[in-house]
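Lettering of chains follows the sequences in order, A, B, ..., and the numbering in each one begins at 1. Fair warning: this is a prediction, and the values are worked out from it, not measured in the lab.
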There are 2 protein chains.
Amino acid sequence: MKKRTTIDDVAREAGVSRQTVSRAINGMDGISPNTRDRVMEMVSEMGYQPSRLARGMAGSSTQTIGLIIGNITNPAHAEIFQCLYNLADAEHYNVLLRNTNYEKELELKAVQSLIAENVDGLVILSPTLDSEELAQFSDEDCPIVVIHRAISAKNISSIVTDTSRATKSVVEYLMGSGHECIGLVTRTGELSTIRHFEGYQQAIVMRGLPNCPSLIEQEEITMRGGYLATHRLLKQNPNLTAITTYNDLMALGAIKACQELGRHVPDSVAIFGYNDIPFASFCTPTLSTIRIDGEEVGKRAFQRIKEMIARPEVEFPPAVLDIDLVIRESTNRQ
Amino acid sequence: MKKRTTIDDVAREAGVSRQTVSRAINGMDGISPNTRDRVMEMVSEMGYQPSRLARGMAGSSTQTIGLIIGNITNPAHAEIFQCLYNLADAEHYNVLLRNTNYEKELELKAVQSLIAENVDGLVILSPTLDSEELAQFSDEDCPIVVIHRAISAKNISSIVTDTSRATKSVVEYLMGSGHECIGLVTRTGELSTIRHFEGYQQAIVMRGLPNCPSLIEQEEITMRGGYLATHRLLKQNPNLTAITTYNDLMALGAIKACQELGRHVPDSVAIFGYNDIPFASFCTPTLSTIRIDGEEVGKRAFQRIKEMIARPEVEFPPAVLDIDLVIRESTNRQ
DNA sequence: TAAACTGTCGTGAGCGTTCACGTAAGCGAA
DNA sequence: TTCGCTTACGTGAACGCTCACGACAGTTTA
């Protein structure tokens, strides 16, 4: 049975007090350079690692941030996680993950449980909870950063892209390429789809095209979901020549559905994705999509949560990220 | 400043002692049904949640398992994580993730840091560390389950598939379809590739075909890696008609490379993957691959780590999982 | 009837830190 | 000298639990 090396062990060996060791390892002042060196040498000699549990108990920080993620299996989410993780890890933060499968109940529980775990901050990467549901956590003293949903309140801040404008650009691009009957494949629920609708309809209306409800299909956010929705869409609207989707996964499913129905992509149907996951440039045909820089998102989210931890009284406005249309084969009609 | 509800608060309100509350919430005996009910009612009324930090400090378990993962961006890994996570979460375990990018140094540090965090157990999902490197952790009293590498020692156990046999089956299948010049695209490093080589060569030799080193290319485990390796492979061996790969990601890259080089898949080159990630059945052409049930892997890993936590003295033999060949379009020559 | 046991509960200590103090030495200024 | 300030430490308490006990009924056993 191995016994853990504690701060007291180090203190004893170095011939100083507990507190002095603490001062040394935490870079606090009130300690002379000489003693600091001596202590630090002892620390590495004895292989001492402070216990995060004890630190969390005694101090105010657990050096842990919670991350709630809708589905880690979604490559767009995974990329953001990875980047956020790397930054956090570099600053000795632990990342505590909760995979919620986009379920509202689970997500609410996840927020509560993470706060109860004394995380220093919380990042939410899932389009499930709405502003009101989030607002109830304003009074817990745990800063929250929400990704992809604009909200800013006490202790709550966000990193967003302009989904509405992006979707509008996509539809305008498709109309510019001569498409007049454009379908929308999006997720179930209202929450983040509303921006999606918004952009879609703005573009349609501006162009004076008919705003037809049968051109919209909703499904779960997976390849299978995109596949099913597209099947329905094309059955109801055989004259449809383009589809814009909620994300790349649904787009990949859409391509599959088109192929099964004998509708060539892009010659018979153009498909537009959202996110630019790695597969988008490796599939056949390669996928036109909205590029969101996952690395940038992860970086901003981490920076923001750190700022909020450091200055809890400040209220931060949403950070809006740029997006680009990436045109590839799936919309490139001959 | 919100104050946390502690076990003492509950005890006071319920008119019992701390320890009695502890007995109630932990389902220990030495408490009458009446008091238990009364305490539990008070617990939910006050919204009391025990502090994992304090539990970890005071008790022997932190209810946390560590998971080291090579690259969470790899869908095969993500699936296993998700399943393991779900099971762990259902039993109130936290999962502490470390993403190591397959780097040996990071991975060794990750193991040490997780042990220092007092995790109850550790699961390693990465083909990076070899048996000797792992063996040094036998003496820490923290059970370790290694996925995809056969090893069993004190405190160390594993969940594996027979990569060698699987690869052999693939090559035999390809030869059975008339292929005589078969390339191998695998990862850099020796560790898990050795089983890959083994199966490949066994099949080749049994058939009496020449064992040509130029038919093997190594790269990083990504689509891009598979893409680059395949480019080199086809340049050096234009007469090659089939490629078997380390995993589906590399296979997807291989398909891309073939398309760029004007080699039709499967008519000119057949491609075989490994893992059966969701994209394998949604890409074009759909990918023939080895099916590994990620859900089963995650389940076994979690069950095993729980067994090891419960009975630290027992040494478990590797659990070997079944695999299947899944034949799809990418090897289906007309 | 005394002794031993069983069921139910409470108490003190300890886990490994940080925090808010207290203290002693050294130095300069009034 | 005397006071105050700074620098460099040390000390006790606290964080919220679990663990190993101890205590005290009530019930069985010898």
Side-chain angles (χ1 to χ4, degrees), chain A residues 1-40 42-43 46-64 92 94 115-120 141, chain B residues 1-40 42-43 46-64 92 94 115-120 141:
Chain A
M1 189 70 180
K2 242 180 172 174
K3 204 77 176 63
R4 183 189 188 97
T5 309
T6 75
I7 199 171
D8 283 310
D9 298 333
V10 178
R12 197 180 334 104
E13 294 298 315
V16 295
S17 77
R18 213 179 339 147
Q19 183 61 17
T20 298
V21 177
S22 179
R23 274 188 269 258
I25 60 178
N26 292 315
M28 314 184 335
D29 47 37
I31 182 176
S32 75
N34 279 342
T35 9
R36 165 163 286 140
D37 289 349
R38 192 153 41 90
V39 169
M40 290 313 282
M42 200 39 105
V43 163
M46 299 178 72
Y48 166 70
Q49 272 195 280
S51 152
R52 201 182 299 252
L53 293 176
R55 281 188 152 165
M57 281 248 65
S60 49
S61 153
T62 52
Q63 286 289 108
T64 301
H92 306 292
N94 263 349
I115 290 175
E117 303 254 353
N118 299 300
V119 294
D120 293 346
D141 78 321
Chain B
M1 188 69 181
K2 241 181 174 174
K3 204 76 175 62
R4 182 187 189 100
T5 308
T6 74
I7 199 172
D8 283 309
D9 298 333
V10 178
R12 198 180 334 104
E13 293 299 315
V16 295
S17 77
R18 215 178 337 145
Q19 183 61 16
T20 298
V21 177
S22 178
R23 276 188 268 257
I25 59 178
N26 293 315
M28 315 184 334
D29 46 38
I31 181 176
S32 75
N34 279 342
T35 359
R36 164 163 288 139
D37 289 348
R38 191 155 41 90
V39 169
M40 290 312 282
M42 198 42 99
V43 163
M46 301 178 70
Y48 166 69
Q49 272 196 280
S51 152
R52 201 181 298 254
L53 293 176
R55 280 186 153 165
M57 283 248 62
S60 49
S61 154
T62 52
Q63 283 291 107
T64 300
H92 306 292
N94 263 349
I115 291 176
E117 303 255 354
N118 299 301
V119 294
D120 293 346
D141 78 321

* Under 4.0 angstrom between A:Ser51 side-chain N/O and C:dG16 OP1 or OP2 -> no
* How many Å lie between CD1 on A:Ile31 and C1' on D:dC9, as a whole number? -> 9 Å
* Hey, does the side chain of B:Ser22 come within less than 4.0 Å of D:dT18's phosphate (OP1/OP2), counting only N and O? -> yes
* Asked: Is A:Arg52 side chain donor-acceptor paired with the C:dG16 base, going by distance under 3.5 Å alone?
  -> no
* Between C:dC9 and B:Thr35, is there an OP1 or OP2 to side-chain N/O distance shorter than 4.0 Å? -> yes
* Can you tell me how far P of D:dC9 sits from CZ of A:Arg12, to the nearest Å? -> 19 Å
* The side chain of B:Gln19 lies closest to which of these nucleotides: D:dG10, C:dC15, C:dT11? -> C:dT11
* To do: Would you confirm whether A:Arg38, through its side chain, and A:Ala14, through its main-chain N or O, come within 3.5 Å as a donor-acceptor pair?
  => yes
* Asked: Has A:Ser60 got a side-chain N or O lying under 4.0 Å from the OP1 or OP2 atom of C:dT18?
  -> no
* Mind checking B:Asp29 for me? I need base, sugar-phosphate or nothing, with any heavy atom below 4.0 Å counting as a touch. => nothing
* When the distance from CG of A:Asp9 to C1' of C:dT17 is rounded to whole Å, what number comes out? -> 13 Å
* Verify, without hydrogens or angle tests, whether A:Thr20 (side chain) and A:Arg18 (backbone) share a donor-acceptor contact under 3.5 angstrom. => no
* Asked: Just how far, in rounded Å, is P of C:dA20 from CE of A:Met28?
  -> 11 Å
* Candidates C:dC19, C:dT11, C:dT17 - which lies nearest the side chain of A:Asp8 -> C:dT17
* **Earlier contact from the 5' end, DNA chain C, for B:Pro33 and B:Ala58** => B:Pro33
* **A:Ser32 vs D:dC9: side-chain N/O to OP1/OP2 distance below 4.0 Å** => yes
* Asked: Quick one: B:Tyr48 OH to D:dG16 C1', roughly how many Å, whole number?
  -> 7 Å
* To do: Give a yes or no answer on whether the side chain of A:Asp9 reaches the backbone of A:Thr6 with a donor-acceptor pair at less than 3.5 Å.
  => yes
* Flag, side chain of A:Arg12 to backbone of A:Ser17, donor-acceptor distance under 3.5 Å -> no
* Atom CZ of A:Arg23 to atom C1' of D:dA8: distance rounded to whole Å? -> 7 Å
* Is A:Gly30 touching bases, backbone alone, or none of the nucleic acid, heavy atoms closer than 4.0 Å? -> base
* Hey, could you give me the CZ/CG distance between B:Arg52 and A:Asn118, rounded to the nearest 0.5 Å? => 11.0 Å
* Would you mind reading off the distance between B:Leu53 atom CG and C:dT17 atom C1', rounded to a whole angstrom? => 11 Å
* Quickly work out the B:Arg55 CZ to D:dT18 C1' distance and round it to whole Å. => 10 Å
* Asked: With a 3.5 Å cut-off and just heavy-atom distances, do the side chain of A:Arg18 and the base of C:dT18 make a donor-acceptor pair?
  -> yes
